[in-house]
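Have a look at the structure below before the remarks.
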Amino acid sequence: MPELPEVETVRRSLIPLITGKKIARVSLYYPKIINGDSKLFQALLVGRTFETIDRRGKYLLFRFDEHLTMISHLRMEGKYYLEPTVQPHNKHVHVVFELTDGTSLQYQDVRKFGRMQLVDTGTEAQVSGIKLLGPEPLSSDFTVSAFQQGLQRHHKAIKPVLLDQKVVTGLGNIYVDEVLWLSQINPLTPANQLTLAQVKELHQQIIAELTKAVAAGGTTIRSYVDASGHSGHFQFDLNVYGEEGKPCPRCQTTIVKIKVGGRGTHFCPHCQPLPLGWHLNETEDAVVGGAHE
DNA sequence: ACCTAATCCTGCATGC
DNA sequence: TGCATGCAGGATTAGG
């Protein structure tokens, strides 16, 4: 599931493969991947040359000549790679960008959740999905005070607040669980109840963790690979995600998995104690209230 | 305005 | 073995 480090790794690995190449034709095998008019999408890309790729949060921004930008979100399992021919690699390839040199850039997405759309370069910031994104966590915009102000506006649990991309963008389910463990903050803690010390710690851990994960080429769980087919290495640095039932690397207490905001959530009940008033019942659901029956 | 649940999809794991 | 069921989840949308 690509989060910021994986999307960034895709961006970096894809740039040298496609820069300067020209599109001869676009084949669509699942038009729903395209937001807006899919015929227009195909027509506008013919004759365009890839210039570079930028990134905003988890969105890739493919830059072409003629002020054209293709916004692409990989969602769960989207992948790009270069094929030596124009034939689709397999049944999960939904978009083929045929290049004038006889090769093709192919987009594969087993779950068909990914989306692409074309905009005039420079207008991408107004597109829904990008418009409301919070600061880039690895940029100077992501300050402690901006982070604190963002958290202050939410009284729901910190986990869904970090997932919704508005306070800070780029974190997904894996890295949220990891940074909360690193910061020793329970995922159910109301965002506006974090102490200043906790906000500072979380801010620093988000930056440190994402920086390390980018350097490791991302995290490969299930299926992620970059544009050259390489797996990431950061899965070996995970402490809680997917580790339910195993000992916490810090205190040896058994890691538990619960649902928070509808998402699987891993944490250490000792290092990340539940907020006041919460407890886990026998099926490890987090519930509010006393243990009385 | 706020929050939760359902939605989209497929592959894989589980259970009978 | 085969079939049904459930689970995974990012972002959007529908509903309360």
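A, B, ... follow the sequence lines: proteins, then strands. Residue 1 opens every chain.
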Ignoring backbone atoms, test whether [X] places a side-chain nitrogen or oxygen under 4.0 Å from the OP1 or OP2 oxygen of [N].
X: Tyr59(A); N: dG10(C); result: no
X: His73(A); N: dG10(C); result: no
X: Lys112(A); N: dC8(B); result: no
X: Lys259(A); N: dC7(C); result: no
X: Lys257(A); N: dC7(C); result: no
X: Tyr241(A); N: dG9(C); result: yes
X: Lys91(A); N: dT10(B); result: no

Practice item. Please determine, for dT1(C), whether a Watson-Crick or G-U wobble partner exists with both distances under 3.5 Å, and give it or none. Key: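 Paired with dT1(C), as far as the under-3.5 Å criterion goes, is no nucleotide at all.
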Check your understanding: Any sub-3.5 Å donor-acceptor pair from His67(A)'s side-chain atoms to Asp65(A)'s backbone N or O?
Key ->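 No, His67(A) side chain to Asp65(A) backbone: no donor-acceptor pair under 3.5 Å.
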Point to revise | Comparing His154(A) and Arg263(A) on DNA chain B - which has the more 5′ nearest nucleotide | key: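 Here His154(A) is the residue nearer the 5' end.
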Review point. Between Arg75(A) and His92(A), which is nearer to the 5' end of DNA chain B once each is assigned its nearest nucleotide?
Key: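 Closest to the 5' end, via its nearest nucleotide, is Arg75(A).
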Which is true for [X] with a 4.0 Å heavy-atom rule: it touches a base, it touches only sugar-phosphate, or it touches nothing?
X: Gly261(A); result: nothing
X: Gln165(A); result: sugar-phosphate
X: His155(A); result: sugar-phosphate

Exercise for review: Identify the residue among Phe97(A), Tyr80(A), Tyr107(A) that makes a ring pair (Phe, Tyr, Trp, His ring centres under 6.0 Å) with Phe62(A).
Suggested key: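 So the option named by the test is Tyr80(A).
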Exercise for review: Applying side-chain hydrogen bond (donor to acceptor under 3.5 Å, both in side chains) between Tyr175(A) and each of Gln205(A), Glu209(A), Glu3(A), Glu6(A), report the one that passes.
Suggested key: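 Exactly one pass, corresponding to Glu6(A).
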Point to revise | hbond_proxy Arg111(A) side chain to dA8(C) base (donor-acceptor, 3.5 Å cutoff) | key: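 Present.
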Exercise for review: For the residue pair Tyr59(A) and His73(A), categorise the inter-ring angle as parallel (less than 30°), tilted (30 to 60°) or perpendicular (more than 60°).
Suggested key: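 Ring orientation, 0 to 90° scale: perpendicular.
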Review point. Near Lys21(A) NZ, under 6.0 Å, is it more than 12 heavy atoms from other residues, nucleotides or ligands?
Key: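 Yes, because the 6.0 Å sphere around NZ of Lys21(A) holds more than 12 heavy atoms from other groups.
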